[in-house]
Amino acid sequence: MLYVITGPSGCGKSTLVKSILGEVENVEFSISYTTRKKRDSEQEGKDYFFVSKAEFGQMIEMDKLAEWAVVHGHYYGTSKREIEKKGSERDLLLDIDIQGAQQIKTKFKKAVFIFIIPSLFQELKTRLKNRGEEAVDVIGRRLEIAKKEIRYYPEFDYIIINDKLDKARKELASIILATRCRLDSRKKEIVPILRSFFENE
Ligand code: ADP
Ligand code: 5GP
């Protein structure tokens, strides 16, 4: 199953996604491609694949991306290969923006869409400042974009208010676990169980 995790910059998407990887089994993170510069805290091939604009352009031309968008002035995209490789056997979490979420919605009808928000706008400001990764003007731009992004919440299946990280993590885990119990997710598992009920008749 694909889980699309979207929300304004600084709301805690990557923190939440990272924490869930150690908590829920069989969950993978989709590593995106980006033309933005690597932050000191990030690792190539773990947080993102950092590429040049030319390389990103080639991926678009060769139709290698399942979705892509320009976000905060940089290109970001999810490769089809990442979804095929990791998403066939396991649950896959995509931390992507609203434009990307909308593209995934047209291609993967069954995907689960989760919107993360902070408790208050002021909290977003504080988190971006405390994260200390972007210049003041970049933070200002991200906050302006956040005001536009927040309006899209009704397009999502679930809303997580990330006020307390522990609570938000439990809610995300609950969404994944409940989705695994849905009738259509259980079909593969239920067949041998049903067979065992009748094989010695
Ligand atoms: P995003 O991936 O959505 O841009 P991050 O995961 O980088 O956001 O989080 C932004 C900052 O907020 C980070 O410094 C992170 O440690 C902090 N943070 C995330 N969730 C919480 C929370 N529930 N309470 C306080 N700080 C948080
Ligand atoms: P950041 O630069 O803070 O890591 O991410 C900025 C924004 O880009 C976030 O909203 C994040 O969800 C989004 N993003 C990250 N990867 C992708 C991707 O592959 N596709 C799209 N459309 N957005 C992405």
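Both counts, for ligands and for their atoms, begin at 1 and track the order of listing.
Looking at Arg36 against ligand 2, only its side chain comes within 4.0 Å, counting heavy atoms. Looking at His72 against ligand 2, only its side chain comes within 4.0 Å, counting heavy atoms.
Look at Tyr33 and you'll find every heavy atom at least 4.0 Å from all atoms of ligand 2. The closest approach between Gln99 and ligand 2 stays at or above 4.0 Å for every heavy atom of the residue. Gly10 counts as a contact of ligand 1, since one of its heavy atoms falls under 4.0 Å from the ligand. Heavy-atom distances between Arg142 and ligand 2 reach below 4.0 Å in at least one pair. Put simply, part of Arg39 is less than 4.0 Å from ligand 2, judged by heavy atoms.
The existence of a salt bridge linking Lys18 and Asp47 is confirmed by a sub-4.0 Å separation between a basic side-chain nitrogen and an acidic carboxylate oxygen.
Neither side chain, Ser30 nor Glu82, offers a donor N or O lying under 3.5 Å from an acceptor on the other.
Counting only heavy atoms from C-beta outward, the side chains of Arg180 and Asn26 approach each other to under 4.5 Å. Side-chain contact between Asp97 and Ile145 is absent, with no heavy atoms from C-beta onward closer than 4.5 Å. The side-chain heavy atoms of Ile20 and Phe29, taken from C-beta on, include no pair separated by under 4.5 Å.
Below 4.0 Å from some heavy atom of Thr78 lie the following atoms of ligand 2, by number and element: 19 (O). When each atom of ligand 2 is checked for a heavy atom of Asp95 under 4.0 Å away, the hits are 11 (C), 12 (O), 14 (N), 15 (C), 16 (N), 17 (C), 24 (C).
The salt bridge (Lys or Arg N to Asp or Glu O under 4.0 Å) with Glu144 is formed by just one residue from the set Arg142, Lys147, Arg141; it is Lys147.
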